[in-house]
Number of protein chains: 2
Amino acid sequence: MELELECQGHDFLKENTVDEVALMFKALSDPSRIRILYLLSQEACSVNHIAEVLQLTQSAVSHQLSYLRTLRLVKFRREGNSLFYSCDDEHVISLLKQAIQHAEHR
Amino acid sequence: MELELECQGHDFLKENTVDEVALMFKALSDPSRIRILYLLSQEACSVNHIAEVLQLTQSAVSHQLSYLRTLRLVKFRREGNSLFYSCDDEHVISLLKQAIQHAEHR
DNA sequence: AAGCTATATGAACATATACTCATATACAAT
DNA sequence: ATTGTATATGAGTATATGTTCATATAGCTT
C-alpha cells in the first residue's frame, strides 16, 4: 500500500498560498507578538495596558500592533484617549493556543 | 457576563513556553521550509529529490534540513548513498496543514 | 488656545536569517 | 586505492527583524 501511494501525484502549493502561510506563521514567531496576541485573546486592552502587563515599552508595543493590524490579526476601538485592541482572527488564535498546549504538555 | 469575565484572573505564559512556541512557529515561517515540510508530509525524500522538486540548491535544502533536524521536526534514514528525510512531528504538520487550508479557502 | 495624556511613527542600530560558494565528509563501485 | 555520487558544513553576504530614542499626531480638559 505504501507502493501505491508512492506512485500517486502530489499536491503542490501555490506560491501565493505558501507566502500567505509564511506571513501568518511569521506573525506568530516572535515572543512579544505571541504574548500580545495571547493577552488580547483574553481581553481587549489599551496599548499602555499591554505595555505595563507585558513589561514592554509603549513604542515596542505600538510597532508590533501596527504589524499585527497590517495582517488584520487585531482590530481596535477608540475609547476617549485610549485605543482598545482585540483579536480579529480566530483562526490564528486557534493555532496559537494549539501550539501553547503542545509546548506546555511535554 | 462580559463584566464577570473582566474581573477574572488571566493566564500568564511561562517564558519557556513562549520561547518554545516562538521557535516552533519560526520553523514554519519560511517559504522554503514550508515547502520542504509539506513535501515530506507526503513522502520521504532524499535531499537531492527535495532540491529538484522544489527548485532549490542542494546546499540550501541541506541547511534547512539541518535546522529542522535540530528542532526534531524531521528525521532520516540512510539508504545507500542517500538520506531519506521524513517528518518527525505530527503536531507541527497538523498546524501547517490547518494554516494551508485557511490560506487556500479565502 | 494651552497643556496633558495616549498612541503612532521614522530613523538608527544591533542581531538574526537565508542564501551562495567553496570545500569537506561519507559511502559506493570499480 | 581511486573515482564518483550524495550530503554536510563553514564563511561570507545581503536582507529582514525587533528594539530604542526622539518626535509627531490625536483627542481630552481646563
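So that the names make sense, note that chain A is the first sequence line, chain B the second, and so on, each numbered from 1.
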(request) Under 4.0 Å from any heavy atom of chain B: name the first and the last nucleotide of DNA chain D that qualifies, 5' to 3'. (result) dG4(D) to dG10(D)
(message) Can you pull out every side-chain hydrogen bond (donor to acceptor under 3.5 Å, both in side chains) where at least one residue sits in residues 92-106 of chain A? Sequence neighbours excluded, please.
(response) S94(A)-Q98(A), Q98(A)-Q98(B), H102(A)-H91(B), R106(A)-E20(B)
(message) side chain to side chain contact (heavy atoms under 4.5 Å, CB included) for L73(A) and D88(A)? Distances and angles first, verdict last.
(response) CA-CA 5 Å; L73(A) 301 190; D88(A) 198 26; over 6 Å; no
(request) Please check if the side chain of T70(B) supplies one atom and the backbone of S66(B) the other of a donor-acceptor pair under 3.5 Å. (result) yes
(message) More than 12 heavy atoms of other residues, nucleotides or ligands under 6.0 Å from CZ of R77(B): yes or no?
(response) yes
(request) Verify the stacking flag for H63(B) against dC19(C): centroid separation must be under 5.5 angstrom and the ring planes must differ by under 30 degrees. (result) no
(request) Can you tell me which residue pairs pass the side-chain hydrogen bond (donor to acceptor under 3.5 Å, both in side chains) test with a partner in residues 55-65 of chain B, sequence neighbours excluded? (result) R33(B)-Q64(B)
(request) Kindly say if K26(B) contacts the phosphate of dT17(C), meaning a side-chain N or O under 4.0 Å from OP1 or OP2. (result) yes
(request) Would you kindly give the CZ-to-C1' distance between R77(A) and dT7(C), to the nearest whole Å? (result) 16 Å
(message) Reading DNA chain D from 5' onward, which residue's closest nucleotide shows up sooner: F76(B) or S29(A)?
(response) F76(B)
(message) In this structure, would Y38(A) and F84(A) fall into the same cluster of hydrophobic residues linked by side-chain contacts under 4.5 Å?
(response) no
(request) Could you list by number each residue of residues 78-86 of chain A showing a heavy-atom separation from DNA chain C of less than 4.0 Å, or answer none if no residue does? (result) N81(A), S82(A), L83(A), Y85(A)
(request) Kindly indicate whether the side chain of D19(A), heavy atoms from C-beta on, has any atom under 4.5 Å from the side chain of P31(B). (result) yes
(message) Measure CZ/F25(A) against P/dT17(C) and give the value in whole Å, please.
(response) 17 Å
(request) Decide yes or no for I34(B) and L13(A): does some side-chain heavy atom of the first lie under 4.5 Å from some side-chain heavy atom of the second? (result) yes
(request) Rounded off to whole Å, could you give me the CZ-to-P distance for the R35(B) and dA18(C) pair? (result) 14 Å
(request) Keeping the roles fixed (side chain from R35(B), backbone from L54(B)), state whether a donor-acceptor pair exists under 3.5 Å. (result) yes
(message) Short of 4.0 Å, heavy atom to strand atom, which residues of residues 46-62 of chain A count as contacting DNA chain C?
(response) S46(A), V47(A), N48(A), Q58(A), S59(A), S62(A)
(message) Would you call the rings of F25(B) and F25(A) parallel, tilted or perpendicular, taking 30° and 60° as the class edges?
(response) parallel
(request) Please list, chain by chain and in numerical order, all residues satisfying ring pair (Phe, Tyr, Trp, His ring centres under 6.0 Å) with Y67(A), sequence neighbours excluded. (result) none
